[in-house]
Amino acid sequence: MPELPEVETIVRGLNKQVINCFITEVKIYYKNLIISNCKQFEKEIKNRQIIKISRHGKYIFIHLSKDKIIVIHLRMTGQLFTKEKNEKPDKHTHLELVFKRKKIKVIYRDIRKFGRFELISSNDYDQYLFNKNLASDALVIKPNDFYQKVVKKKKAIKAVLLDQHIIAGIGNIYADEILFREKISPVFLSSDLTKIQGYSLLKRIKKVLNNAILKKGTTFSDYVNSYGEKGQFQLVLQAYKQEGKPCVFCKTPIVRSKVAGRSTFFCPECQK
DNA sequence: CTGTTTACCTGGGGGC
DNA sequence: TGCCCCCAGGTAAACA
């Protein structure tokens, strides 16, 4: 579900909704959600205040008072949104954060249970990203850093865009949309990319992702923002899930195939 | 080392 | 209705 634009939308919303909130209660309904000790996680975040919420690639960081950070990854179907305090959790709700003197609570819901929560110390933030070998965020990465990393690889350009060690934040939907709009084949060999092409591709990446943020993300089935609302970018998709529909440039039907083990949609005429 | 496949989970949709 | 199979926005571990 959530790629960079969806995660960014959630983070912006939470920054408006729960900043300075004081955590009074932590309810965990699915133990494996928490990496490491559940009880300790609960004990450690109770009675701390939310200072701010940030993002790097698809990771969410909830910065707490007294130098702790909750790290969240939503994976495929994770949802992070607010609800009225008195609403009952359903079978897919795995965690709730309740606040002092607030009518809303934050709930984590995840049908496929791939998402994870983790607690780290603020001091360990840089080390955490380093250990994950997480690349620079797609909206921040410098053109030359991006290009050098891409040409060093020797695989399909789509696989490279999906690789969070090269550029962080792009997933299957936006990889297809970016390559379609840039008119590059998803199987184009990354090591063959020229510097001009690489710089142009990065500009396209930022343009597509920023546009998607303006539309508050893409909803196919599960994604909702922190207010529980769907995104709007699915209304302007040009490649992803558009199999059989005419290409907006040349009218050739969009084709579906498999690249990097993922469903891939492209125009066989424009993307050679 | 590099690149590719599989496992983790649940639910929806199509074919029969 | 029901069963079986395939598919799904992501990542890390296992494999070749």
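Sequence lines set the chain letters: A, B, ... in the order given, protein chains first and strands last, and positions in each chain run from 1.
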message: For a quick check of understanding: with a heavy-atom distance under 4.0 Å over all strands, which category does A:G261 fall into, base, sugar-phosphate or nothing?
response: nothing
query: With a non-hydrogen cut-off below 4.0 angstrom, is A:Y240 in contact with a base, only sugar-phosphate, or nothing?
result: sugar-phosphate
Candidate nucleotides B:dC9, B:dT10, C:dG10, ranked by approach to the side chain of A:I111 - the nearest: B:dT10
Whole-Å distance separating the NZ atom of A:K153 from the C1' atom of B:dT4: 12 Å
task: Using a heavy-atom cut-off of under 4.0 Å over every strand shown, decide if A:K132 touches base, sugar-phosphate, or nothing.
output: sugar-phosphate
- line: Checking C:dG10, B:dG3, C:dA12 against the side chain of A:F114 (C-beta onward), the nearest is C:dG10
message: Suppose we call two aromatic rings close when their centres sit under 6.0 Å apart. Are A:Y174 and A:F233 close by that rule?
response: yes
- prompt: Which base sits across from B:dC9 as a Watson-Crick or G-U pair, both distances under 3.5 Å?
  reply: none
- prompt: Rounded to whole angstroms, how far apart are CG on A:D110 and P on C:dT11?
  reply: 13 Å
message: I want to verify a distance call: between C:dT11, C:dA8, C:dG10, whose nearest atom is closest to the A:R256 side chain?
response: C:dA8
query: Between B:dC9, C:dT11, B:dG11, which one does the side chain of A:K91 approach most closely?
result: B:dG11
query: Distance between the P atoms of C:dT11 and B:dG11, in whole angstroms?
result: 22 Å
query: OP1 or OP2 of C:dG10 sitting under 4.0 Å from any side-chain N/O of A:Q164?
result: no
- line: A:K113 has its side chain closest, among C:dA8, B:dG3, B:dT10, to B:dT10
message: Suppose we call two aromatic rings close when their centres sit under 6.0 Å apart. Are A:H94 and A:Y29 close by that rule?
response: no
- prompt: Does the gap between the ring centers of A:F99 and A:F22 come in under 6.0 Å?
  reply: no
- request: Could you tell me if the ring centre of A:Y108 sits under 6.0 Å from that of A:F117?
  value: yes
- prompt: Going by an N to O cut-off under 4.0 Å, is there a salt bridge joining A:D222 and A:R112?
  reply: no
task: Quote, to the nearest angstrom, the P distance that separates C:dA14 from B:dC9.
output: 15 Å
- request: Return the value, rounded to whole Å, for the distance between atom CD of A:E6 and atom P of C:dA8.
  value: 17 Å
task: Tell me whether the centres of the aromatic rings in A:Y125 and A:F61 are closer together than 6.0 Å.
output: yes
query: Between B:dT2 and A:K155, is there an OP1 or OP2 to side-chain N/O distance shorter than 4.0 Å?
result: no
query: Across the strands shown, which category fits A:F233 at heavy-atom distances under 4.0 angstrom: base, sugar-phosphate, nothing?
result: nothing
- prompt: Whole Å only: how far is the CE atom of A:M76 from the P atom of C:dA8?
  reply: 8 Å
message: For a quick test of reading the model: is some side-chain N or O of A:H92 closer than 4.0 Å to OP1 or OP2 of B:dG11?
response: yes
query: From the list C:dA12, C:dG10, B:dC9, which nucleotide is the closest neighbour of the side chain of A:K58?
result: C:dG10
- prompt: Can you check the A:K258 NZ to C:dC7 C1' distance for me, whole Å?
  reply: 8 Å
query: Could you give the CZ-to-P distance, from A:R262 to C:dT11, as a whole number of Å?
result: 8 Å
- prompt: To the nearest angstrom, how far is A:R116 atom CZ from C:dA12 atom C1'?
  reply: 12 Å
- request: Let me know the distance between CG of A:L129 and P of C:dT11, rounded to the nearest Å.
  value: 14 Å
